[in-house]
Amino acid sequence: NLGLYYEEGRYGLTQSDKRTFEFFTLAAKQGFVQAQAKLGLFYFQGTNKVVEQSFAKAREWFTKAAAQGQENAINLIKQMDAAGI
C-alpha cells in the first residue's frame, strides 16, 4: 500500500516515483502479485524517471504475476507476444 500512497501522494506523503518503485519492488520480491504486475508496467512503459524501458524486465515481472493468475499480466504477455516483443 505504501507504493500506492507514494504514487498518488496520499495520506500526507509527497508523490515520489522513486519511493513508489522502491516499495513496489520490495513487495514484488515478496511475491505480492499486484506489485509484480505494477513493476512489469513500470518497465514496459519506461515513462517514469526511475527506470528505463526494458521489455525483458517487463516480461519477467509479468510472467511472475501471470503464474499467480493475474489477468492483466496474462493479457499483457499475450499482447507482447502478438507484437513480437
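Only heavy atoms go into these numbers, but all of them, side chains included; no hydrogens, no water, no symmetry mates.
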K.L.:
CG of D17 to CD of E22: how many Å apart, nearest 0.5 Å?
P.N.:
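Separation between the atoms: 11.0 Å.
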
K.L.:
Using modelled atom types only, decide if a donor and an acceptor are shared between the side chain of Q68 and the backbone of G31 within a distance under 3.5 Å.
P.N.:
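Judged by distance alone, yes, a pair lies under 3.5 Å.
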
K.L.:
Decide yes or no on side chain to side chain contact (heavy atoms under 4.5 Å, CB included) for K38 and E7, but give the supporting numbers first.
P.N.:
CA-CA 11 Å; K38 186 71 172 177; E7 182 177 38; 2.7 Å; yes

K.L.:
Tell me whether R19 forms a cation-pi arrangement with Y6, defined as NZ or CZ under 6.0 Å from the six-membered ring centre and within 45 degrees of its axis.
P.N.:
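Flagged: R19 positioned over aromatic ring of Y6.
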
K.L.:
A28: what forms a side chain to side chain contact (heavy atoms under 4.5 Å, CB included) with it, not counting sequence neighbours?
P.N.:
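With neighbours one apart ignored, the set is A35, Q36, L39, W61.
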
K.L.:
Report the hydrophobic cluster partners of L41, with the cluster defined as I, L, V, M, F, W, Y residues connected by side-chain heavy atoms closer than 4.5 angstrom, directly or transitively.
P.N.:
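Cluster partners of L41: F44, F55, F62, L76, I77, M80, I85.
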
K.L.:
Should the pair F21 and Y43 be assigned to parallel (<30°), tilted (30 to 60°) or perpendicular (>60°) ring geometry?
P.N.:
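If you compare the ring of F21 with that of Y43, the planes turn out perpendicular.
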
K.L.:
Run the side chain to side chain contact (heavy atoms under 4.5 Å, CB included) check on R59 and D81 step by step: do they pass?
P.N.:
CA-CA 10 Å; R59 182 178 290 274; D81 289 342; 2.9 Å; yes

K.L.:
Which pair of heavy atoms, one from I74 and one from A66, lies closest together, and at what distance?
P.N.:
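Residues I74 and A66, closest heavy atoms: CG1-CB, 3.6 Å.
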
K.L.:
Which residues pass the side chain to side chain contact (heavy atoms under 4.5 Å, CB included) test with Q34, not counting sequence neighbours?
P.N.:
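Result, side chain to side chain contact (heavy atoms under 4.5 Å, CB included) vs Q34: F32.
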
K.L.:
Specify the closest pair of heavy atoms between A73 and Q70, including all atoms of both residues, with the distance to one decimal.
P.N.:
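The pair with the smallest heavy-atom distance is N-OE1, 2.8 Å.
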
K.L.:
Any side-chain heavy atom of L13 sitting closer than 4.5 Å to one from L2?
P.N.:
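A side-chain contact exists here, since the closest heavy-atom pair is under 4.5 Å.
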
K.L.:
Would you check, one step at a time, whether the test side chain to side chain contact (heavy atoms under 4.5 Å, CB included) holds for F24 with L4?
P.N.:
CA-CA 8 Å; F24 279 129; L4 289 173; 3.8 Å; yes

K.L.:
State, with a plain yes or no, whether a side-chain heavy atom of R10 is found less than 4.5 Å away from one of Q15.
P.N.:
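A side-chain contact is absent here, since even the closest heavy-atom pair is not under 4.5 Å.
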
